[in-house]
Structure formats: structure tokens, C-alpha cells
Amino acid sequence: MKLFVFIFSFIFVQAQSFNAQTLDVQGVLSDSITKSVLPYGYIVAKNAKDSLLAGVLADERGVFLLKKISKQQMAYLQINYVGYKTKNIGLSSNNSSKIELGTLELTPDLYKLKETTVVGTIKYMERKFDRQVYNMSDNRISSARTVLDLLRTLPGVVVDEEGNIRYKGAQATIYVDDQPSSFLYPNVEMIPVAMIKKVELIDIAMYNGSTGTGGIINLKMKSITNEGISGIFSSDANTIFLNRLDLYKGFLNLNYKIKNITIFNNFSESNQHQNTDRDTEGFLNYEYPYKTTNISNQITNRNGFFNYTGIKISLKEKTRIIIGEGFYCDNRKQFSGTTNQQTFLSSNSFFDSYSTTEKYIISSKGISFGIWGAHDFMNGQAIRGGVNFEHSIAPGNLETNYSYKYINSLPIDSTSQIAYDKKERRNNLIFNLIYIHPINTSIQWNIGINSVNRLQQTNNNKAYVNTMANLPLTTYTTGRTQNHELFWKIGSVFHKWKFNGGVSLQYNRIFANYTRFQISNKDTLLHVHKEFLNILPSVTISFALDSIQAIKLTYAQSINAPDYFYLCNFVDKSNPRSWRTGNSLLDPVRLQNLYLGYTFSKEKWNLSAETFFSLTDNEIYTVSYPYSSTVWLNIPDNLAKRSSIGIDFSSWLMLNKSMDFSLSSSLLHTFIDASSLNNRFQELGLNKMDLKKKSFGFNVKCSMNLRFNPTTSGMLYINYFSREITFEGYNYGYINSSASLTKKFANNKLFLTIGIHNLLDDLVIHGGYINYAGLTATAKQESSNYRRNYFISLQYKIKQGDRGTRDYKAGR
């Protein structure tokens, strides 16, 4: 036993002695001017004779760690980075086993040859664990009018004419410096394109699972070194008739920087005038064959504003905090009129004839308060999260006048009025938190929580018939819902392969009370309390063919719980011809997604091809049934199955420095099985129907940017959608198109754009076709949204930095 203790003690002392003679050195590399971190720099330890002892690469955050270097031999560190001066750091021996050097600033190495400046080049694309990082060149930045033009140049990112951004087959979430852009820039066009340094395309399936489609576009910004005021002013006006303003949008972004603190204020305003005419003609085979006609007109005027004020705190780029408060107001006035007629097909005599006029006025107001933070640790770990509280009220008034000429073949001269005083109130709390932990350069795991709490939502609709209070049509609803998702993801890198998998635990709770009134004036209280708990898996496998090509396969499940408004089993007859009821037996929607994607990325050319397959069980759809020859009943129900398979293709090509071209297309085949609804049809005494439908559709988007000289550019955009099908029928295809010309003034700070929207929209018929429940009808629609209109846009940038256009020449 003594011998064992002696041997153990000897080994322990020797190990301690060995450890005392070695040293660990840690630090972070950054740019001495921009203060931004420098990833993947090369750090070596050398002895007094300049011989190499050890070397290591810094990670994507510029962090490096040299382990167990001999104290006796090591004399200094040498740091090498392309485009920067080599830096040597002497190290003195001490009793510590680890030295923390902190942030080491490298000086850019600029060489001037005549009038040309040669700077160390940076790789255009970098692949990281759950994202691809694209470094933005000066030419790409200088040619972009807004951040939308910049995003169009990235593989798999599709931006349409309305500014909607899609990535990996779904709506993208925009972040700025690892924080949701809505906290800083409620309008994405507020983001200063001149300050963007990198763009990260983050795969949501590898980040937190979710549905497996879509992702986060994270814009990494340059450090602002100049203190004082900066911002953007934008004004955009559209008109069909030059004497009338049909659409106006404008915003003002202001920032004031003091050291590490930036105070910001964002204000946006919009006004819209829209006119829509719709004519429907068809046949209804219910009891007797009828001919139906419906003519409607609707005018909508809408105006509103949003203001968000806050403070951003940055602590050495490792800790970023945003605290903000916002308020908004949205006013809408809608006027409409319809004429409805049904005639017997055999005699052409009137069976039903009436007309309506409707006025709907609503004013929504709300406030929000949020705090969001992000922190990066020295060892590559990171934490991001935030909480946001929203409170809103929406008082409104709906007034509908009915004028009847025929009811059930009987001539009648009758008028009536139904009016509602509507009051809605909401309190929502949203919370997100994610912790990222790289175990080493090959393994990383993420854990986090997403929580959406509708703390309270009340809807009080007081009804009046011919100006007299009417209890049977009065409704009062209060509800609370919770949606919590706890997720865990782990992944590893093995040579050119990436493996990522995880699970999400999703909990949904729905609590609601519905107060309705019977004719006997007795209250009817309906109560709903439902809970759903699901475990949802997701997995991703990707393979890098080479430095510019990759293939990715993803499978993920998701659950969507029904909204509590759908769960009220009470027939609402507020519209005498279109009744509504809920369905407390609704099941959650389960969605299974399979994704296979290929990307090819070069600085002047990229393309993306993505195949999606989705299978939906119990999809919720509001179904209309002919309750009688003049009344339709609308009920939400679960469809048996819906499956879709599609291919998304997108490509961007810079032909030369004067022209670039983007093209995207989607092919989609959908199968809808709604045969489960036949039981409901039989309950209502209707014939069994074939409710299985298949469809094939596609859309094509293309845009071209032309740069005539350093200050003048143009853009042409065309987007065609084929018809869309449902089990009730289909909608016709349509076209979006526009052309614009932009001129820069005042040292590229002032942008003036003029153009035309809807160049080709009048070439196609808008509307749709219905063949469902005995009704066959064709609808044609004319709207000011489809008509050719002219627009002018003015944008001024206040101290947003040099966009590189002074060194840019078209065609060079």
C-alpha cells in the first residue's frame, strides 16, 4: 500500500511540475480601425531563434487558444492575417499557467500603386456550422439602392415587387447584428445598405428546428466610429390618376451616437386608396336550378403611422443590448355595395333579389415595449434573447343596410339595418432565448425556448337592428392562449459532412369563454379549455461538394394549434345570408416537411435549386355549405390530407459591372383530399361530392438591374403566377411588373427614383372559377391594385458612410 501511495504521489508531482512548465495563451483578433473581429487569423508561437513551436487558427469570432506551450522555449507570438501588418507580441515568463491577452488590434496593410489601392482580399463566402456568410464587396454595396437590392444577389433569397423576402421556401426573418430587425428598423428598407459588412444566411432547421423551411437573414454591420447624427429619410408616392394619390409610404430613421450608446427613433407613415369591382355569374343547383349574379364594389381608404424609440448599447462587440418602446395607429374606412339576384333557370323569374350597402370604420392603436440582448463569450459560446410586451385596442363600427325585392319567389319591398359597435383589446407577451455552445471546432449544440403568450384578448360586439339594441346578435368573447416551445439541437462536422438533429417539445393551451344571448334574453356561456403536448423531431444532413457547392437534406415536423375563435359552437347570424359557426372538435394541424437543396455560390454568379415535400394532416379550412337556397353556413373543419411537392429555383448573374440579372421560379403540385367533409354534407341533406383535387402551378420572377453610369441606374421586374387551385375551384393567374430609373445626387446621398408599376397586369383576366356544392360560377375582378400606376421615390441618407461609388465606373 505504501508503495502504491509513493508511486501515485511521484506521478502527481511530476505532472504538476510538467504543467507548471507549460503555458496556455488566449486572445481575440480585431481590426484597429473598424474594431470588428477578424476570423480565421493564423497565430504561431516562436522561440528566440524564430523557430516555430506551435500554431493555431482563430475561430469565426476571432478567438484563438494556444495550449501547453513550453515556457522555457517560447519567446513571442506572431500573428498573420491577409491584408494586415504582421504583429509580434513578446511574452514574459511568470508563474501563471494561462495568459489572457484580450483584444489584439491588427493594422490594415495598404499598398498604393499609382492611383490603385491594393487591399488584402477576403473570401466571398464562408461556410460555418449552421450558416453561410457572404462578405459584401464595395461594388455590390454601391450598386444597391436599398437592402432589398442587396439581398436579391444572394443564393436562395427571393425578393418580390412588394418587398417580401423569402429564403429556403418560406418567409425569411431579418436580423441585424444577431437581433431582430423590427427592434431597430420596423421597415426593412430603413437598414443602411452602406453599413452592411456581411450577410449570414442561417438555416432555421439547424438553428432551432421549427418547420424545417425558411431561415434567418442576419445582417452584420460595420462599426460606426463617428459620433453624432445619422439616418435615412424616404418618401414614396404612387398614383393612377395624376390628380389623386393612391398610395403613399414614407419613413424617417434617426440615430444619435455617443461612445458605445446609440439613441434611435424610427417613424413611418402610409396612406392607401383602393377601389375594387367584382362581377360573378353562375348557376346553383339546389332544390331547383337557379341562375345567380353578384355585382359588388368596394372602396377602401387606409392611413396609419408607427413610431419606435429606443437605445442601443454596445460593449466591445461582445455584448449588445436594445431597449425600445413603440406606438402605432392604423385607421381604415371601407365602403361597399352589392347587388345579388337569383332567378329560376326554367322560367327566368325572380326567386331572390336584394342589395346591400356597407360602411366599416375601425381605428387600431397599440403600444409595445421590448428588450433584446446578445452576448458572445471568449470560448465561442453565445446567448441571445429578448422579451416584448404588446398592448392594443381596436374600436370600430360596422353598419350594413339591406334592401329586399324578392324573397323565396315573393315580391317584397323591405329595408333593414344591422349595426355593430366593435371593441377589441389585446395583451401579448413574447419571449425568446437561445444558448449556443460549441464543444469544439466540430461539435455544437443549441438549446432555447420560444414563448408566445396571449395574456388576454377580448372582443365585445354590440348589435343594433334598425337602431334598436339586439341581444341575440350581440357577442362577447374573452380568451387566453399559450404557445411554448423548448428546443434542443446538436450537430457535428466530419470532413465535408454536417449532421444536425434535435427535438422540440411544444405545449399549447387554449382557454376561452364565449357569451351569447338567446331570444329569451338568457345568457349562454360556452367554455373551451384545450391543451396539446407534442414532441417534434428534426434532422439535417449536408455535404460540401467543394468550396462553392453544397447539398442539404432536411426533415422536420411542426404543429399548429387552432385559434380559439374557431372553437365556438354557436351559429352567428349577423350576416343574414352567410352564417358562421365554430367547431370545438378541431384537431391541431400536423405538418411534415422534407427539403432537398443544392447551392452554387460564386461572387458574380450563384444559383439555388430546392425541392420541398409537405404532408399536412388535419389542415384547418373554413368550408361553406349551402344551408338553404339563400343561406350559406361557414364552418371550420379538418381536411383529411393535403400534400404538396414543389421545386424552387433561383439564380443571380452579374454580366458585368453595368448589368446584373436575377431569375427565380417555383413549380408546385398539390393534392387535396377533403373527402372527410362528405359526412357534413350528408348531415345537411346534400349529395355526396368528389372533394379530391389535384393541381399543378408555377410562378416565374425575373429582374434586371442596369447601371448606366456611377449615378444613374434602372430596373425591370416581371413576376407571373399561374392559377391557384382549392377544392372549391381556382383563381386565375396574374402578373406583377414594374420599371424604374434611379438618379443619385449630392455625393450619392440623395436618391431619386421614378417608374411605373403594373406594366403588364391588364394583359390577363383577374378573378376565379368555382365548382363546388352545386354552384358553378365565374368571377371577374377589376382593382386599382392591378392598374398601371406611376410612382416617384425620394430617399436621403444622413451621414451613412461612403458607398464606394466614387471609385466605381460602369463597365470597368
Considering non-hydrogen atoms only, spot the tightest contact between [X] and [Y] and give its length.
X	Y	answer
K85	P108	CE-O, 4.3 Å
K701	Y717	CD-OH, 3.6 Å
N255	G231	ND2-CA, 3.9 Å
K312	F264	N-CE2, 4.1 Å
G215	Y167	CA-CD2, 3.8 Å
S601	N606	CA-CB, 4.0 Å

Determine whether more than 12 heavy atoms belonging to other residues, nucleotides or ligands lie under 6.0 Å from atom [atom1] of [X].
X	atom1	answer
L750	CG	yes
Y256	OH	no
I229	CD1	no
K87	NZ	yes
K220	NZ	yes

Exercise for the section: Could you walk me through whether L553 and I551 pass the side-chain contact (heavy atoms from CB on, under 4.5 Å) test, one step at a time? Expected result: CA-CA 7 Å; L553 176 67; I551 299 175; over 6 Å; no
Exercise for the section: Let me see the working for Q444 and N500 under side-chain hydrogen bond (donor to acceptor under 3.5 Å, both in side chains), right down to the final yes or no. Expected result: CA-CA 9 Å; Q444 174 179 303; N500 183 279; over 6 Å; no
Run the salt-bridge test on [X] and [Y] with the 4.0 Å N-O cut-off and return the result as yes or no.
X	Y	answer
K496	D546	no
D203	K552	yes
D376	R384	yes

With rounding to the nearest 0.5 angstrom, report the [atom1] to [atom2] distance, [X] to [Y].
X	Y	atom1	atom2	result
L154	Q132	CG	CD	10.0 Å
T173	N218	OG1	CG	11.0 Å
N135	I196	CG	CD1	13.0 Å
T753	D236	OG1	CG	8.5 Å
S30	L38	OG	CG	6.5 Å
L148	N164	CG	CG	9.5 Å

List the residues meeting side chain to side chain contact (heavy atoms under 4.5 Å, CB included) with [X], not counting sequence neighbours, and say none if there are none.
X	value
L760	I718, I735, S737, L763
P180	Y175, S182, F183, W372
N705	R145, D660, R707, M715

Completion exercise
salt bridge (Lys or Arg N to Asp or Glu O under 4.0 Å) filter on E105, not counting sequence neighbours, yields K35
Exercise for the section: State which residues pass salt bridge (Lys or Arg N to Asp or Glu O under 4.0 Å) with K498; sequence neighbours excluded, sorted by chain then number. Expected result: none
Practice task
Apply side-chain hydrogen bond (donor to acceptor under 3.5 Å, both in side chains) to the pair D648 and S666, showing each step before the final yes or no.
Solution key: CA-CA 4 Å; D648 286 351; S666 297; 2.7 Å; yes
Practice task
Among Y720, F721, Y786, find the residue that satisfies the ring-ring contact (aromatic ring centres under 6.0 Å, His included) test when tested with Y734.
Solution key: F721
Completion exercise
The ring-ring contact (aromatic ring centres under 6.0 Å, His included) partner of W605 among F661, W652, F600 is F600
Practice task
Evaluate side-chain contact (heavy atoms from CB on, under 4.5 Å) for F649 paired with L667, printing each intermediate quantity in order.
Solution key: CA-CA 9 Å; F649 170 83; L667 307 177; over 6 Å; no
Indicate whether any N or O donor in one side chain lies under 3.5 Å from an N or O acceptor in the other, for [X] and [Y].
X	Y	answer
K743	T712	yes
Y134	T153	no
S608	T599	no

Problem - Evaluation steps, side-chain contact (heavy atoms from CB on, under 4.5 Å), between S268 and M190 - result: CA-CA 10 Å; S268 62; M190 290 181 178; 4.3 Å; yes
Problem - F791 and H757 aromatic ring geometry - parallel, tilted or perpendicular at 30°/60° bounds - result: parallel
Exercise for the section: Measure the acute angle between the ring planes of Y81 and Y84, then classify it against the limits of 30° and 60° as parallel, tilted or perpendicular. Expected result: perpendicular
Practice task
State, with a plain yes or no, whether a side-chain heavy atom of Q272 is found less than 4.5 Å away from one of S270.
Solution key: no
Fill in the blank from the handout: Partner of S662 under side chain to side chain donor-acceptor pair (under 3.5 Å), picked from S651, S650, S703, is S703
Problem - Counterpart residues, side chain to side chain donor-acceptor pair (under 3.5 Å), relative to N266 (two or more places apart) - result: N253
Practice task
Run the ring-centre check on F251 versus F267 and record whether the distance is less than 6.0 Å.
Solution key: no
